[in-house]
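This report refers to the structure that appears directly beneath it.
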Amino acid sequence: MSCVNIDNIPFLNSYDMQNPNIIWGETCVSANQKHLENEYDFFFIQLSNDKCLEVFDLDIVFLPSIVRDIQEKKYFLIVDNSLEYFVSQIDSIYKNIVDAYNIPPEQVIFLSSIPNVDYYVNRVANQLSRPPIKSEWFSLFEVTGQSVSDNNKIVSLPKHIKFYDKKFLNLNRRWRLHRPLLVMLLRDAGLLDQGHVSMAPSDDGGNWKTSLHKLKVRYNNHPEINEIINRNSDIYNIPDLYLDTTDLVTNRAEHQDSINDYYEQTYFSVITETTYHENVPFLSEKVFKAIAMGHPFILVSAPNTLQYLKQLGYKTYHPMIDEKYDTIQNHGDRMLYIVKEIERLCSMDRTQLKKWLKTARFIANYNMRILNSKTNFTVKKNY
């Protein structure tokens, strides 16, 4: 049992809506991993974003013989969007695949990096009064995180206490709104100089002027955040924040060795995940890079995301890091709590830091062992 088209995987690429194209090839981490798991026969397609099933002529991908074999339940169809967090793909799968090709919903498997993907599948199925398609939480970025760990073999926390000028690492590329919000709050609290922080022009066209306007609109009814925004209305005057590279256009999902020193010479990461305001939990390469590098972390993400890391077998850092922030539903309050915790960690004295490092090193080493020992990256849903 295996992937019947393992040598010719179609990637429906419509990131650039002006120039969509189908890329045919064998290089697909998720298809290769599912092929190795060898649980059932399947035909595999990979999607870029939530629009691509609307953009392409799917007859190019689904030849009549393929459709017939899936209809006759000779094998499953895996629709993979584990690269992204989109949930609107699910409705599109029903419309453009299940209905358009008369494929039984139970023969379709939606592969996603969203831990609670079954919740979204069931919601759509109920809305449509249809049986749910199958779904699997596929932890794609654990797979790529293993390669980071294999290539580096680094325990970034020092065995003996060292005082670094910079206490934390915060990597940002695209201007998703929670990222400029965090950087602004760090600046307001006098913490921006306490960490290695990146925030500069990227491929999404984000900037401080646009972000300030969006933040004012979103947090108009949050007095404390609104006051901070007004107090930092000159933030567009700060210089672009670069670390190892001035190229923040290229996607850095794959680990770059040029960033290693920043992990080794700080105590913890502040990880601004892909999702925050969307309320969709998502574990990307960002968190697994930190685990692979032996770095403790605060996860700036949708509420209640840390529970899914624990489900995968990892330890988080409470109470050394106060993780109450993860339970706070209000986005503004959650971010303010995170900044207060960053401030507390940055202010540790020598005795506190020595005790903190000892426990943090134990957890970091445990998590690296879990990451390196993983062979199964799939949690089945809707089965």
Side-chain angles (χ1 to χ4, degrees), residues 29 113 139-173 179 182 194-199 241-245 247-248 250-274 282-301 305-306 308-310 312-318 320-321 323 338 341-342 345-346 348 353-354 356-374 377:
V29 172
S113 287
S139 189
L140 167 67
F141 299 103
E142 268 191 296
V143 183
T144 57
Q146 276 190 343
S147 65
V148 175
S149 185
D150 290 343
N151 292 334
N152 286 284
K153 303 294 185 183
I154 291 173
V155 178
S156 60
L157 292 176
K159 292 183 178 179
H160 304 288
I161 188 167
K162 294 181 181 179
F163 278 97
Y164 298 128
D165 292 335
K166 306 289 188 179
K167 307 300 189 299
F168 64 91
L169 173 62
N170 173 228
L171 298 168
N172 300 294
R173 190 173 71 87
R179 293 169 181 166
L182 173 65
Q194 293 286 304
H196 290 295
V197 180
S198 62
M199 191 92 247
L241 302 175
Y242 293 108
L243 293 179
D244 61 317
T245 179
D247 174 15
L248 295 183
T250 304
N251 190 315
R252 305 264 168 194
E254 293 186 3
H255 183 77
Q256 307 292 315
D257 290 344
S258 57
I259 207 72
N260 288 1
D261 287 348
Y262 294 99
Y263 282 104
E264 291 189 273
Q265 296 173 15
T266 53
Y267 303 119
F268 63 99
S269 285
V270 180
I271 301 171
T272 46
E273 255 299 356
T274 304
F282 185 71
L283 299 172
S284 75
E285 80 284 349
K286 302 169 187 64
V287 67
F288 292 108
K289 283 182 181 180
I291 289 173
M293 298 300 288
H295 223 216
F297 53 84
I298 292 175
L299 193 60
V300 185
S301 186
T305 298
L306 289 176
Y308 298 111
L309 269 177
K310 295 173 185 176
L312 293 175
Y314 299 98
K315 294 181 183 292
T316 59
Y317 287 86
H318 188 77
M320 305 160 44
I321 294 175
E323 293 177 348
I338 285 170
E341 182 61 8
I342 295 170
L345 294 175
C346 288
M348 287 188 293
L353 181 59
K354 184 176 182 179
W356 191 91
L357 285 172
K358 182 178 180 180
T359 308
R361 192 181 304 113
F362 172 82
I363 295 174
N365 288 342
Y366 174 89
N367 283 344
M368 283 194 290
R369 289 196 297 272
I370 293 295
L371 178 61
N372 290 332
S373 65
K374 277 291 186 83
F377 302 91

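Just so it is clear, the values below take in all heavy atoms, side chains as well, and ignore hydrogens, waters and symmetry mates.
Across every non-hydrogen atom of M368 and I291, the tightest pair is CG-O, 3.0 Å. Nearest heavy atoms, S269 versus Y263: OG-CE2, 3.8 Å. In terms of heavy atoms, G145 sits closest to A292 at O-CB, 3.6 Å. Minimum interatomic distance between A290 and F297 (heavy atoms only, all atoms of both residues): CB-CD2, 4.4 Å. A pairwise comparison of heavy atoms in S258 and D244 identifies OG-OD2, 2.5 Å as the closest pair. The two residues G195 and K166 come nearest to each other via the heavy atoms O-CD, 3.6 Å.
S113 places a side-chain heavy atom less than 4.5 Å from the side chain of F282. Contact of the I342 side chain with the N170 side chain is not registered, since no non-hydrogen atoms from C-beta on lie closer than 4.5 Å. Side-chain contact between S139 and L312: present, with at least one pair of heavy atoms (C-beta onward) separated by less than 4.5 Å. Residues L182 and R179 are not in side-chain contact: their nearest non-hydrogen atoms beyond the backbone lie 4.5 Å or more apart. In this structure the side chain of T305 never reaches within 4.5 angstrom of the side chain of V287, judged on heavy atoms. Within the 4.5 Å cutoff, no side-chain heavy atoms of F268 are placed close to those of M320. Residues W356 and I321 form a side-chain contact, since some pair of their non-hydrogen atoms from C-beta on lies under 4.5 Å apart. Using a 4.5 Å heavy-atom threshold, the side chains of L345 and I298 count as touching.
Heavy atoms from other residues, nucleotides or ligands lying under 6.0 Å from OH of Y242 number more than 12.
The CG atom of L309 sits 9.5 Å away from the OG atom of S301 when rounded to the nearest 0.5 Å. A distance of 13.0 Å separates CE in M293 from OH in Y262, rounded to the nearest 0.5 Å. Summarising the geometry, atom CZ belonging to F288 is positioned 10.0 Å from atom CD1 belonging to I271; distances are rounded to the nearest 0.5 Å. Atom-to-atom distance recorded for H196:NE2 and Q265:CD is 6.5 Å, nearest 0.5 angstrom. Interatomic distance, M199 CE to T272 OG1, rounded to the nearest 0.5 Å: 8.0 Å. One finds the CZ atom of F377 at 9.5 Å from the OG1 atom of T144 (value rounded to the nearest 0.5 Å).
In this structure, Q146 contributes its side chain and L371 its backbone to a donor-acceptor pair below 3.5 Å. Side chain of N367 to backbone of K315: a donor-acceptor contact under 3.5 angstrom is found. With E273 contributing its side chain and S284 its backbone, the two residues share a donor-acceptor pair below 3.5 Å. Between the H295 side chain and the T266 main chain, a donor and an acceptor come within less than 3.5 Å of each other.
Taking the six-membered ring for Trp and thresholds of 30 and 60 degrees, Y267 and Y164 have ring planes inclined between 30 and 60 degrees apart.
Under 3.5 Å, the side chains of T274 and K286 contain a donor-acceptor pair of N or O atoms.
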Derivation of the side chain to side chain donor-acceptor pair (under 3.5 Å) call for E323 and T316: CA-CA 9 Å; E323 293 177 348; T316 59; 2.8 Å; yes
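The side chain to side chain contact (heavy atoms under 4.5 Å, CB included) test with L283 singles out one residue from L140, L306, L299, and that residue is L299.
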